[in-house]
Amino acid sequence: MAQTGYVINIIEATTNIDAGRKGFAIKGKAEEGRISFEEGISLALSTFQEAQTTADPQTIILAEYTFITQEFHLCNKTDKDTINSLTLAIQSFDDAFLALKAVEDTRYDIADKTHPHNKKYRISGFPKDSFHIACGSHRARLKNILKTPGLDPIEKALLKQRLANLSSTQSAYIEKQKKALE
């Protein structure tokens, strides 16, 4: 599937998830809400799984970025904590996209000279740049959401897939760093 297809699927999935959640709260619409919610989760899960199989950091991050951007747009504007968290996540991924572009540049080797060689600033020996920082921060965010009591099992499965995608994309990104620094 082309990147556009992933984006379209994620937008549709988040729209269904949101409609489902809102449907739960409306008397007489709970069943419709549940169906919409489950369809959204299912579409998101299959899209994230397919994105992971590409092993392409750009594709995997684009899917996650689209998901959190949609969450931001669908979020209740009075929920300041969620708005702040999603804003930070979006900004981190904006920086990750810049790092993805930079690692393709023949001059990327300068990153090895500008990042400390202390292991806390390195991932597998490579510079811990904004790509790794975005993945690490977002991983922590998703793990915190997973700790929510009463979280629906299908939503947990989606969160676990998103976590797996972050690990996969970091591994693929490290390969790009390795190639750039050879």
Quick check: do [X] and [Y] have side-chain heavy atoms less than 4.5 Å from each other?
X	Y	value
Leu163	Leu146	yes
Cys135	Ile61	yes
Leu142	Leu166	yes
Pro127	Tyr121	no

### Message
Whether the Gln58 and Gln3 side chains hold a donor-acceptor pair (N or O, under 3.5 Å, no angle test) is what I'd like checked.
### Response
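The answer is no; no qualifying pair exists.
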### Query
Do Phe48 and Phe67 have their ring centres less than 6.0 Å from each other?
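Yes.
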### Ring centre gap for Tyr65 and Phe97 strictly below 6.0 Å
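For Tyr65 and Phe97, the ring centres are under 6.0 Å apart.
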### Query
Any Lys/Arg nitrogen of Lys22 or Asp18 sitting under 4.0 Å from an Asp/Glu carboxylate oxygen of the other?
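Salt bridge: yes.
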### Query
Ion pair present between Asp56 and Lys176, side-chain N to carboxylate O less than 4.0 angstrom?
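The answer is no: the pair does not qualify as a salt bridge.
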Counting distance only, does the side-chain N/O of [X] pair as donor-acceptor with the main-chain N or O of [Y] below 3.5 Å?
X	Y	value
Ser137	Ile133	yes
Arg34	Arg21	no
Arg107	Ala102	no

### Task
Please step through salt bridge (charged side-chain N to carboxylate O under 4.0 Å, His left out) for the pair Lys179 and Glu182, ending with a clear verdict.
CA-CA 5 Å; Lys179 184 178 177 184; Glu182 284 181 344; over 6 Å; no
### Query
With a distance cut-off below 6.0 Å to the six-membered ring centre and an angular limit of 45° from the axis, does Lys113 pair with Tyr108 as a cation-pi contact?
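That pair does not qualify as a cation-pi contact.
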